[in-house]
**Q** 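Handing you a structure now.
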Amino acid sequence: MLRSVIPGSLLVVLGVLGLAAVASCLLIFTGAGAPLAWGTSVDGVGASTLKTADDTKTRVLRDKLQQPIDLPDGFPANTSLRDALEFLSLKHGVQFIIDTNAFASIDVPKPEDANVQLPKLMGVSLSTVLRLMLGQVKGTKFTGAYRVTDEYIEITTTYHKDAAQNGVIDVSFDRRPLQMALRELADMTDTNITLDPSVADKARRPVTAALSHVTTETAVRILADMADLKLVILDNVLYVTTREKARELQGDEEKREDRRKQQPPAKMPVMEKE
């Protein structure tokens, strides 16, 4: 059984300190051991926006998500999400944080207690395991999901990903290298955001911004401008490059669009009467 492998969850509840109990929480699991603590989110943004980016750590984390893993016993029925994440954290050295406030908004008040189950899985990626597992944590309409931040994997909901993709987002960056800020936006919104390799120096420039209820395009445009770069939209790709190259690419796009509009509409085939 899974519980014979995983030590019991050690939850440390922050003291009330004379105030009401903390309303919105993040549950943290670390590969170094048992769950660390309960902690509050900050202005609804989450702890990831308060950390200094570390490109090496992020690259290692992404690699771990794609590496094949084995679950010879799967996860038995009635395994809690807490135990499943703790097992993966201890076995694969990945830190998870559950955004309990996000789950509360989809009517899942205690996601860590939700039951998950997986069959025997061999040679599948950790990202696949997470998707299969989190899809079982269901609210009235949305399910669990995950996104990659600088140093850990945030367990959130499809509602928040959908809102980021189709609507507006709230983000905050404090002296974050541009390349890392854009990478976080790409992960958060599943948007194709690409940096021109020739602007590597400017891509490392730190950016600071607190943006509320803005589109992904606007956020990228503002952050790029802070590093003296420019956004150009190419089909479904947000491409950040130099101002000169952006003007050139934008001109090419406009010419292509003009040619498309000038093409005569395709003629419908005429059906012959029998």
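In what follows, residues are counted from 1 in the order of the sequence shown.
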**Q** Would a single hydrophobic cluster contain both Val207 and Val240, if residues Ile, Leu, Val, Met, Phe, Trp and Tyr are joined by side-chain heavy-atom contacts under 4.5 Å?
**A** yes
**Q** Search all heavy atoms of Lys245 against all heavy atoms of Asp196 and return the closest pair with its distance.
**A** NZ-OD2, 2.8 Å
**Q** Verify side-chain contact (heavy atoms from CB on, under 4.5 Å) between Lys110 and Phe103, making sure each step is shown before the conclusion.
**A** CA-CA 8 Å; Lys110 293 184 177 181; Phe103 280 93; over 6 Å; no
**Q** Using every non-hydrogen atom in the two residues, find where Gly135 and Thr143 come nearest and quote the distance to one decimal.
**A** O-CG2, 3.8 Å
**Q** Of Arg205, Arg183, Glu184, which is the lone residue that meets side-chain contact (heavy atoms from CB on, under 4.5 Å) with Arg176?
**A** Glu184
**Q** Determine all donor-acceptor pairs shorter than 3.5 Å in which one atom belongs to a side chain in residues 64-77; sequence neighbours excluded.
**A**
unit_1	atom_1	unit_2	atom_2	d
Lys64	NZ	Gly93	O	2.9
Asp70	OD1	Gly123	N	2.7

**Q** Which pair of heavy atoms, one from Gly144 and one from Thr158, lies closest together, and at what distance?
**A** O-CG2, 3.9 Å
**Q** According to a 4.5 Å side-chain heavy-atom criterion applied to Ile, Leu, Val, Met, Phe, Trp and Tyr, with indirect links allowed, do Ile193 and Tyr239 form part of one hydrophobic cluster?
**A** no
**Q** Roughly how far apart are Arg247 CZ and Thr241 OG1, rounded to 0.5 Å?
**A** 11.0 Å
**Q** Is there a donor-acceptor contact under 3.5 Å from the side chain of Gln136 to the main chain of Gln117?
**A** yes
**Q** Membership question, hydrophobic clusters at under 4.5 Å side-chain separation (ILVMFWY): are Val237 and Val199 in the same one?
**A** no
**Q** If you compare all heavy atoms of Leu223 against all heavy atoms of Leu178, which two are closest, and at what distance to 0.1 Å?
**A** O-CD1, 3.6 Å
**Q** Among Val94, Ile98, Leu88, Ile97, find the one that has a side-chain contact (heavy atoms from CB on, under 4.5 Å) with Ile153.
**A** Val94
**Q** To the nearest 0.5 Å, how far apart are CD1 in Ile155 and CG in Asp99?
**A** 10.0 Å
**Q** Using only atom types and a distance under 3.5 Å, with no angle test, would you say the side chain of Thr208 pairs donor to acceptor with the backbone of Arg175?
**A** yes
**Q** Atom CG of Leu134 and atom CG of Leu85: how far apart are they, to the nearest 0.5 Å?
**A** 6.5 Å
**Q** Contact between Ser127 and Tyr146 at the side-chain level, heavy atoms closer than 4.5 Å - yes or no?
**A** yes
**Q** Tell me the closest heavy-atom pair linking Phe142 and Ile106, and the distance in Å.
**A** O-CD1, 3.8 Å
**Q** To the nearest 0.5 Å, what is the distance between CD on Glu86 and CD on Glu112?
**A** 12.5 Å
**Q** Got Ile222 and Val214 here, is their nearest side-chain heavy-atom distance under 4.5 Å?
**A** no
**Q** Name each donor-acceptor pair under 3.5 Å that joins a side chain in residues 225-234 to protein atoms two or more places apart or in another chain, with its distance.
**A**
unit_1	atom_1	unit_2	atom_2	d
Asp225	OD1	Arg243	NH2	2.8
Asp228	OD1	Arg243	NE	3.0
Asp228	OD2	Lys202	NZ	3.1

**Q** Any chance you could measure Thr216, atom OG1, to Leu211, atom CG, to the nearest 0.5 Å?
**A** 11.0 Å
**Q** Closest heavy-atom contact between Leu238 and Glu217?
**A** CD1-CA, 4.2 Å
**Q** Which distance, rounded to the nearest 0.5 Å, do you find between the OG1 of Thr215 and the CZ of Arg221?
**A** 8.5 Å
